[in-house]
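A note on names: the letters A, B, ... follow the listed sequences, proteins ahead of strands, and every chain is numbered from 1. All figures in this text were calculated on a predicted structure; none of them were measured in a lab.
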Amino acid sequence: MAKDKKFVEEITPMNQDFTQWYTDVIKKADLVDYSSVRGCMIIRPYGYAIWEHIQRELDDRFKKTGHENVYMPMFIPESLLQKEKDHVEGFAPEVAWVTHGGSEKLTEKLCVRPTSETLFCDHYKNIIHSYRDLPKLYNQWCSVVRWEKTTRPFLRTLEFLWQEGHTAHADAEEAQEETIRMLNVYAEFCENVLAIPVVKGQKTEKEKFAGARNTYTIEALMHNGIALQSGTSHNFGDGFAKAFEIQYTDKNNQLQYVHQTSWGMTTRLIGALIMVHGDDSGLVLPPRVAPVQVVVIPISQHKEGVLEKASEICSRLSGSFRIRMDDSDKSPGWKFSEYEMKGVPVRLEIGPKDIEKRQAVLVRRDTREKSFVPLDELEDSIAGLLDSIHMNLLDKATRLRDEKTFTVVDFSQFEQIINETPGFIKAMWCGDRACEDTIKEKTGATSRCIPFDAEPVSDKCICCGKEAKTLVYWGKAY
RNA sequence: CGGGGUGUAGCGCAGCUGGUAGCGCGCUUGGUUUGGGACCAAGAUGCCGCAGGUUCGAAUCCUGUCACUCCGACCA
């Protein structure tokens with residue numbers, strides 16, 4: 001069937017080799033280029049534009065929840081990094097150090113921030129004195145460096161872009177509320193902007209952030225059944241406050257420690273987008289972050305009036321959509337394939353026949369469905385199409401996740417699923433670290449999270465058979 | 001950090017039984033085309049990843065090194 005014909009020939013099919021597919025897509029869609037520094041990447045205009053839309057959407061949500069943006073230094077003195085014991089131990093293996101300034105050796109090494117808890121704490125100590133100074137709701141957009149062993153564009157690079165929220169509150173309840181509030185913001189953002197369904201839950205002791213009291217996470221499932229931690233929100237309790245002596249005087253003139261949170265999302269989300277929505281023709285971008293929402297392709301553009309009509313439509317619609325015309329002298333077929341690879345949600349074709357009939361051809365990227373729309377109805381049709389594409393992507397991703405989510409009460413079944421049909425595995429756990437370690441050792445799966453709305457599926461731990469405490473989502477993860 | 005693979009034109013590759021580099025795509029120019037990756041003609045493009053060594057002579061053989069990539073251990 002012509003319908004099944006593959007139009008894009010330069011991308012390895014997903015089911016043949018998923019990682020190669022991923023590499024092909026990011027290169028062919030011009031998202032990144034490799035850099036001369038090992039493990040780093042150059043984010044190209046098309047990739048960066050996606051990030052800018054992610055930033056804008058997230059930043060709006062942060063502002064609406066009362067947060068302010070700040071900027072902290074990129075360097076952390078060694079002594080500062082070491083103030084909170086668990087925190088240093090967690091990050092020590094992967095920090096980059098600056099030892100020289102020019103040709104002079106520094107008296108104290110500077111760490112290139114892997115995260116900025118210590119910087120925020122050091123600052124909070126100076127500016128928080130009274131309950132009237134609370135809460136402090138700060139966020140920063142920056143890059144951080146973690147010296148990883150193996151890297152993969154967007155999913156794990158030595159340097160990556162992110163935002164890190166850092167807040168300080170008067171009491172434990174308020175900090176906990178903030179932690180959950182921001183987790184919910186993340187989940188809502190993933191679904192409404194990225195069209196990615198997520199599982200919300202709490203990390204186990206083993207998987208939680210170094211220095212945190214509790215870590216909450218949103219977990220997404222990629223096309224190949226591998227889980228991706230897509231955002232985390234941490235409640236620090238007063239652990240950092242005690243290490244950094246961040247105290248304030250309360251209404252009763254008593255000294256109190258603050259309670260803190262932090263939460264972050266990274267350029268990894270772009271990797272998630274690719275691996276959740278992409279197909280064998282390349283990227284499929286959710287309309288709300290697509291740098292170009294509509295690409296206009298004039299057909300027989302050398303003919304009288306075609307380019308004029310196409311430009312006219314383009315400028316008319318540019319107030320409503322991110323729209324671009326390609327009037328290069330490539331053949332139309334080439335352009336079709338090109339913008340499919342790049343995941344542009346809607347293609348608008350306009351040629352002599354259309355002009356005669358006062359219509360345009362709209363083709364949606366997700367289903368390739370074609371429609372013929374009168375020129376004066378384009379605004380409404382496109383707006384409807386973009387919404388429909390978003391909903392369809394979310395539906396498809398949700399179905400895929402549900403199909404790849406298994407409930408398991410028997411260990412051999414667990415192993416079988418991980419090996420044969422990877423995905424989320426819902427299984428009961430006794431709460432012991434030993435069982436978590438054993439499961440990882442035997443299956444390669446880690447605990448992704450303890451979901452909030454969990455119904456027990458049995459009363460015995462999947463690993464040791466003893467009394468189970470909670471349901472856990474398990475899976476292989478990036 | 002362990003194991004495998006790969007580095008030759010912008011991209012994908014051939015050349016690896018030593019004799020000084022080729023193909024396809026892309027790029028430039030001109031013409032014909034244009035509703036699913038068009039065609040013809042004429043061009044341009046190389047420190048053969050890098051550093052040593054063997055040799056009269058190295059893309060080719062040897063040693064080292066760096067990068068990319070895949071698979072495992074650690075992490076967003």
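The residue P352(A) sits close to a base: some heavy atom pair falls under 4.0 Å. When heavy atoms are screened at a 4.0 angstrom cut-off, I297(A) is found touching no nucleic acid atom at all. Among the atoms of the strands shown, base atoms are found under 4.0 Å from some heavy atom of T157(A). When heavy atoms are screened at a 4.0 angstrom cut-off, D329(A) is found touching no nucleic acid atom at all. Nucleic acid contact for K353(A): base, since at least one base atom lies under 4.0 Å from a heavy atom of the residue.
In this structure, rC39(B) and rG31(B) make a Watson-Crick or G-U wobble pair, each of the two defining distances being under 3.5 angstrom. Shown here, rG22(B) forms a base pair with rC13(B); the pair counts as Watson-Crick or G-U wobble because both key distances fall under 3.5 Å. The base-pairing partner of rG72(B), taking Watson-Crick or G-U wobble contacts with both distances under 3.5 Å, is rC1(B). Pair assignment for rA67(B): rU6(B), on the basis of Watson-Crick or G-U wobble contacts that are both within less than 3.5 Å. Base pairing of rA44(B): no nucleotide in any strand meets the Watson-Crick or G-U wobble criterion (both distances under 3.5 Å).
Listed nucleotides: rC1(B), rG37(B), rG36(B). Nearest to the side chain of K149(A): rC1(B). Set against rU34(B), rG37(B), rG35(B), the side chain of S300(A) has rU34(B) as its closest nucleotide.
Seen from the ring of F336(A), R347(A) counts as a face-on cation partner, given the 6.0 Å and 45° thresholds. Because its NZ or CZ atom is both nearer than 6.0 Å to the ring centre of W162(A) and within 45° of the ring axis, R146(A) counts as a cation-pi partner of that residue. Relative to the ring axis of Y124(A), K136(A) does not place its NZ or CZ within 45° and under 6.0 Å from the centre.
For K476(A) and rA73(B), the NZ to C1' distance is 13 Å, given to the nearest whole Å. The distance from atom CG of L307(A) to atom C1' of rU34(B) is 12 Å, rounded to the nearest whole Å. Per the geometry, CD belonging to E338(A) stands 17 Å off P belonging to rG36(B), to the nearest Å. With rounding to whole Å, E441(A) atom CD is found 11 Å from rA73(B) atom C1'. The CD atom of E207(A) sits 11 Å away from the C1' atom of rC74(B) (whole-angstrom rounding). One can place NZ of K27(A) at 13 Å from P of rG10(B), the figure rounded to the nearest angstrom. To the nearest angstrom, P of rU34(B) lies 14 Å from CZ of F336(A). The distance between atom CG of D326(A) and atom P of rG37(B), rounded to the nearest whole Å, is 16 Å.
Nucleotides rG72(B) and rU60(B), compared at atom C1', are 34 Å apart to the nearest Å. Taking atom P on both rU54(B) and rU45(B), the two are 35 Å apart, rounded to the nearest angstrom. Here, rG15(B) and rC71(B) have their P atoms 27 Å apart, quoted to the whole Å. When the C1' atom is used for both rA14(B) and rC70(B), the distance is 23 Å, rounded to whole Å. One C1' atom belongs to rU32(B), the other to rC47(B), and the distance between them is 41 Å to the nearest Å. As rounded to the nearest Å, rU20(B) and rC27(B) have C1' atoms that lie 27 Å from one another. Nucleotides rC11(B) and rC50(B) are separated by 14 Å at their P atoms, to the nearest Å. The same atom, P, is picked in rC48(B) and in rC39(B); the two are 33 Å apart, to the nearest Å.
Atom CD in E377(A) sits 11.5 Å away from atom CD1 in I382(A) (nearest 0.5 Å).
Counting only N and O atoms by type, the side chains of N214(A) and N235(A) include no donor and acceptor under 3.5 Å apart. Between the side chains of T232(A) and T217(A), no donor N or O sits under 3.5 Å from an acceptor N or O. For the 3.5 Å distance criterion, the side chains of T398(A) and R401(A) fail to qualify, holding no donor opposite an acceptor. Defined by atom type and a distance below 3.5 Å, a donor-acceptor pair is present between the side-chain atoms of S116(A) and Q140(A). For the residue pair Q20(A)/D24(A), the side-chain donor-acceptor check at 3.5 Å is satisfied. With 3.5 Å as the limit, one finds no donor-acceptor pair spanning the side chains of R181(A) and Y186(A).
Of the two residues contacting RNA chain B, namely F91(A) and V361(A), the nearest-nucleotide position lying further toward the 5' end is that of V361(A). Where E94(A) and I355(A) each meet RNA chain B at their nearest nucleotide, the meeting point lying more 5' is that of I355(A).
Around NZ of K206(A), the count of heavy atoms belonging to other residues, nucleotides or ligands within 6.0 Å exceeds 12.
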Base versus backbone protein contacts along nucleotides 65-70 of chain B [heavy-atom cut-off under 4.0 Å; B, S, -]: --SSSS
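Contact between the side-chain N/O atoms of K440(A) and the OP1/OP2 oxygens of rC74(B) is found at a separation under 4.0 Å.
Across F236(A) and G211(A), no two heavy atoms sit closer than the pair CD2-O, 3.9 Å.
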Set out, line by line, the N/O atom pairs under 3.5 Å between protein and nucleotides 24-29 of chain B.
from    : atom 1 : to      : atom 2 : distance (Å)
rC27(B) : OP1    : K330(A) : NZ     : 2.8

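Residue side chain H302(A) meets the stacking definition with respect to rU34(B): its ring centre sits within less than 5.5 angstrom of the base's six-membered ring centre, and the planes differ by less than 30 degrees.
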